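Right, one structure below, let's go through it.
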Amino acid sequence: MKKIYYHFVCSALFVMLTYTSNAQFGVYDGLPKDSVMLTFTGTDVKIKDTNYFYIGNTANDSLWQIGKTNKSFFAVNGFTNEGIMTDSVNPYPVNANSSFVVTTAKYGQVNLIMTFTHKYETDSGKDGGIVEMSRDSGKTWINVIGDCYSGTTSGLAQGLVAYNFYGFNDTLATGEPAFTGNSNGWITSRLQFWVGLPVKTTGGGPSCVQQNALLRFRFMSDTTADTLAGWIIDDIKFENDDYGSSVAEIGGYESLNVYPVPSHDGWINFPAINKPESYRIEVYDMVGKQLEYMPYNRRVDLSSYPDGLYLYKVTDGTVTYTGRLILE
């Protein structure tokens with residue numbers, strides 16, 4: 001038994017060392033295993049299933065609308081104009097305290113990663129968007145950048161880690177950390193319930209392990225009226241990666257975990273996959289013209305192309321993965 005446990009610990013530590021190249025991103029990517037995405041389109045049946053998603057049940061929560069937006073701020077650079085947003089036509093109102101909830105019960109239990117693409121324009125330091133978690137079916141909520149936030153996946157520390165998120169100093173007038181001000185384009189943010197080794201914790205303090213937690217996206221505004229767009233969110237993806245010592249087979253994906261989104265220097269990172277020599281990467285513009293056709297690479301340089309929206313396809317002729325790329 002001791003030999004088995006020793007082997008398991010060494011394997012886990014080996015994986016942590018293997019993925020230290022991603023440490024600067026806060027979130028540890030393993031190898032592709034399984035994922036589910038909420039696309040907030042008319043064909044996404046998951047957004048009608050409360051096991052995945054629901055909008056809060058107060059009158060104030062009706063601020064959140066799903067569909068196409070008429071706000072030019074949300075549709076810059078040809079990016080999709082569908083999503084869930086703080087009103088599709090009007091600026092956000094005063095005294096807003098509106099939320100929607102996504103659940104984690106349908107997803108794996110260890111090192112779960114949530115990725116979402118979003119854009120925001122708010123009165124800096126006064127209005128903004130907050131991401132919270134609840135472990136008691138919504139009775140109490142805590143900011144994900146709070147008591148459970150560890151800021152690192154080093155060693156075997158347990159807690160929440162994040163990439164491209166707000167920090168402790170990005171606060172509203174209430175002192176609550178939040179996305180506030182101007183995102184300066186579409187950005188991709190990521191949150192991970194980092195456990196490291198799958199062991200239970202004991203002692204005081206909040207429970208920070210995922211285990212069927214609820215995640216709430218909440219928008220708040222003060223008493224001053226503004227004419228700003230608010231917050232739009234698209235493509236909320238829950239991802240279970242493999243942190244074992246071997247490369248997992250991939251299958252059943254809607255897309256691969258490609259980052260950063262957007263890319264500001266033209267470089268795109270693709271994940272490790274099984275038998276990469278069997279796959280090729282194809283890149284297309286929005287009118288369907290093929291721009292790139294290359295063997296599978298972990299890093300692809302698209303800096304020669306103008307800013308805008310592009311599509312990628314990764315295929316071995318049998319299995320195909322597609323997704324969007326944004327250059328800014």
Side-chain angles (χ1 to χ4, degrees), residues 25-27 29 32-56 61 63-69 74 79-86 88 98-109 111-120 128-134 138 141 143-145 160-166 178-179 183 185-193 210 212-219 230-241 252-262 271 309 321-326:
F25 298 113
V27 170
D29 285 302
K33 183 179 179 183
D34 192 16
S35 67
V36 174
M37 186 180 293
L38 305 177
T39 61
F40 299 100
T41 63
T43 59
D44 187 355
V45 297
K46 294 185 293 297
I47 64 174
K48 301 176 182 178
D49 185 344
T50 56
N51 290 312
Y52 291 95
F53 158 86
Y54 58 90
I55 294 176
D61 293 325
L63 174 63
W64 290 104
Q65 297 180 8
I66 298 174
K68 294 185 178 181
T69 179
F74 286 159
F79 194 83
T80 178
N81 59 352
E82 289 186 303
I84 181 167
M85 68 208 77
T86 51
S88 60
S98 185
S99 62
F100 68 87
V101 177
V102 291
T103 74
T104 67
K106 286 284 187 178
Y107 318 117
Q109 299 295 310
N111 300 328
L112 181 73
I113 301 172
M114 179 182 72
T115 303
F116 58 98
T117 303
H118 60 128
K119 190 175 187 180
Y120 53 90
I130 302 166
V131 182
E132 300 165 306
M133 70 172 287
S134 173
W141 296 89
N143 198 313
V144 297
I145 306 300
L160 297 174
V161 295
Y163 159 67
N164 221 13
F165 238 83
Y166 51 82
F179 292 110
S183 62
W186 287 88
I187 63 174
T188 295
S189 296
R190 311 180 73 202
L191 179 73
Q192 184 173 28
F193 294 85
Q210 177 240 330
N212 302 336
L214 299 178
L215 288 169
R216 183 169 74 174
F217 290 72
R218 184 160 62 99
F219 186 83
W231 197 15
I232 185 172
I233 300 159
D234 193 14
D235 290 351
I236 299 178
K237 178 180 179 181
F238 287 95
E239 170 190 350
N240 282 291
D241 286 2
Y253 272 66
E254 296 178 0
S255 64
L256 293 174
N257 181 29
V258 176
Y259 64 93
V261 182
L309 178 65
Y321 308 101
T322 60
R324 295 174 294 193
L325 307 172
I326 305 174

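Values in this document were obtained by computation on a predicted structure and should not be read as measured data. By convention here, the first residue in the shown sequence is residue 1.
The two residues K48 and G42 come nearest to each other via the heavy atoms NZ-O, 4.4 Å. Shown here for I130 and A178, the closest heavy-atom pair between the two residues is CG1-CB, 3.6 Å. Residues R190 and F165 come closest through the heavy atom pair O-CD1, 3.6 Å. Taking every heavy atom of both residues into account, P271 and N257 meet most closely at CD-O, 3.5 Å. Nearest approach of D61 to S98, heavy atoms of both residues: CA-OG, 3.0 Å. Heavy-atom minimum distance, A162 versus L191: CB-CD1, 4.2 Å.
For Y166, the ring pair (Phe, Tyr, Trp, His ring centres under 6.0 Å) partners two or more places apart in sequence, or in a different chain, are F179. For S189, the side chain to side chain donor-acceptor pair (under 3.5 Å) test picks out H118, with sequence neighbours left out. Taking D44 as the reference, K46 meet the salt bridge (Lys or Arg N to Asp or Glu O under 4.0 Å) condition, with sequence neighbours excluded. For T41, the side chain to side chain donor-acceptor pair (under 3.5 Å) partners at least two apart in sequence or on another chain are T39, T43. Not counting sequence neighbours, the partners of F100 by the ring pair (Phe, Tyr, Trp, His ring centres under 6.0 Å) test are F53, W64, F217. Residues meeting the side chain to side chain donor-acceptor pair (under 3.5 Å) test with T50, sequence neighbours left out: none.
In this structure, the side chain of Q192 does not engage the main chain of I113 through any donor-acceptor pair within 3.5 Å. Judged purely by atom type and a 3.5 angstrom limit, T86 uses its side chain to pair as donor or acceptor with the backbone of W231. Between the side chain of T188 and the backbone N or O of P260 there is no donor-acceptor pair closer than 3.5 Å. The closest donor-acceptor contact from the side chain of D234 to the backbone of T117 lies at 3.5 Å or more, if one exists at all.
Atom-to-atom distance recorded for L214:CG and Y54:OH is 4.5 Å, nearest 0.5 angstrom. Atom-to-atom distance recorded for M85:CE and I66:CD1 is 8.5 Å, nearest 0.5 angstrom. Rounded to the nearest 0.5 Å, atoms CG (D49) and OG1 (T103) are 8.0 Å apart.
When side chains are defined from C-beta on, F193 counts as touching L160, because their heavy atoms get closer than 4.5 Å. Here the side chains of W186 and L309 are not in contact, with every heavy-atom distance at 4.5 Å or above. Counting heavy atoms from C-beta outward, Y259 and T115 have side chains that stay 4.5 Å or more apart. M114 has its side chain out of reach of V144: every pair of non-hydrogen atoms, C-beta onward, lies at least 4.5 Å apart. With contacts defined as side-chain heavy-atom distances shorter than 4.5 Å, the pair S88/F74 does not qualify. I232 places none of its side-chain heavy atoms less than 4.5 Å from the side chain of F40.
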How far apart are the C-alpha atoms of L215 and F238, what are their side-chain angles, what is the distance that settles it, and do they pass the side-chain contact (heavy atoms from CB on, under 4.5 Å) test? CA-CA 12 Å; L215 288 169; F238 287 95; 4.0 Å; yes
